[in-house]
Amino acid sequence: MADAARDGSLPVADRWFDVTEVTDGIYHVTEPHVHAYVRSNAWLIRGRTAHLLVDTGLGVGALAGELAALLDRPVIAVATHAHFDHFGGLGEFAERAAHHDDGEVLETAADYVTLRAATYPVALLDEFEAAGEPVPDLLIDAVPDPAFDLAGFRTRPVGITRWLTDGDAIDLGDRSLTVLHTPGHSPGSICLWDARSQTLVSGDVLVDGEPLLDQLPRSSPADFAASLRRLADLPLQTVYAGHGPVFGRRRAHEIIADYLSGRD
Ligand SMILES: [Zn+2]
Ligand SMILES: [Zn+2]
């Protein structure tokens, strides 16, 4: 941490994002100073002809600048879904892709947050309550730079330049990922599937260590179950989720079985 912010309320982070290469050409990007409940994982997958950035965090720090050294090809930035903790930085990128069924929420930032508790979405307040956690006054514990406008921040609406549908291929030259429309958490939730490496980027559809959220305002438990049954049929080896740790096939099947038990 460097100096305190100008208003003295929060320290200034030396670095806003944490960026780690987890395997050859795949980078984990997260925001250590964001409250754990809204701290998401973004995944940068570098390819020979293009790079794919899956999710973009809260939008507090400048993500494109942080990743600049890794972005030496055109970048396709994708939102797995329209929750504010996943698409905050999407507007920093020229090519911005998402599924149409979450499009209106992205383009109007209908689920926006400010950083102050007074405007947290009800679903987030419910999560704090369910966990027995006090609701924090701020969603961050540092600011990215001394001039950051803490009071004025809100999730920004973002125009989508490419609508994704189920089965679309995102070609990176030496790898290709297939869009899977996996509604349930939200109507437009997608996963990205690399059949060659048997890798799934799962957004909030398949997450380890946290409940699968199917009671949010636009959630559908029936759709969620159908999406998980579909994922269970994939020969997946590695899952890069929207929150929490990376996990493998066995854990994926446990999570899916837990969710589906009692629903069939
Ligand atoms: Zn979500
Ligand atoms: Zn999330």
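Note that ligands are numbered from 1 as they come in the structure, with each ligand's atoms numbered from 1 the same way.
- Residues that satisfy the side chain to side chain donor-acceptor pair (under 3.5 Å) test with E95, not counting sequence neighbours, are R162.
- Note on the Zn ion (ligand 2): protein N/O/S atoms under 2.8 Å are H86 NE2, D204 OD2, H243 NE2.
- When each of D194, V205, L177, L180 is checked for a side chain to side chain contact (heavy atoms under 4.5 Å, CB included) with L200, only L180 meets the rule.
- Just one of V201, L53, I190 meets the side chain to side chain contact (heavy atoms under 4.5 Å, CB included) condition when paired with V78; it is I190.
- The hydrophobic cluster around L213 extends to L216, counting ILVMFWY residues whose side-chain heavy atoms fall within less than 4.5 Å of a member.
- A side chain to side chain donor-acceptor pair (under 3.5 Å) check over residues 47-76, counting only residues at least two apart or in different chains, returns the pairs R15-E66, R46-D72, H51-D72, D55-T80, D55-H86.
- One finds a salt bridge joining R116 and D137 here, because a Lys/Arg side-chain nitrogen approaches an Asp/Glu carboxylate oxygen to under 4.0 Å.
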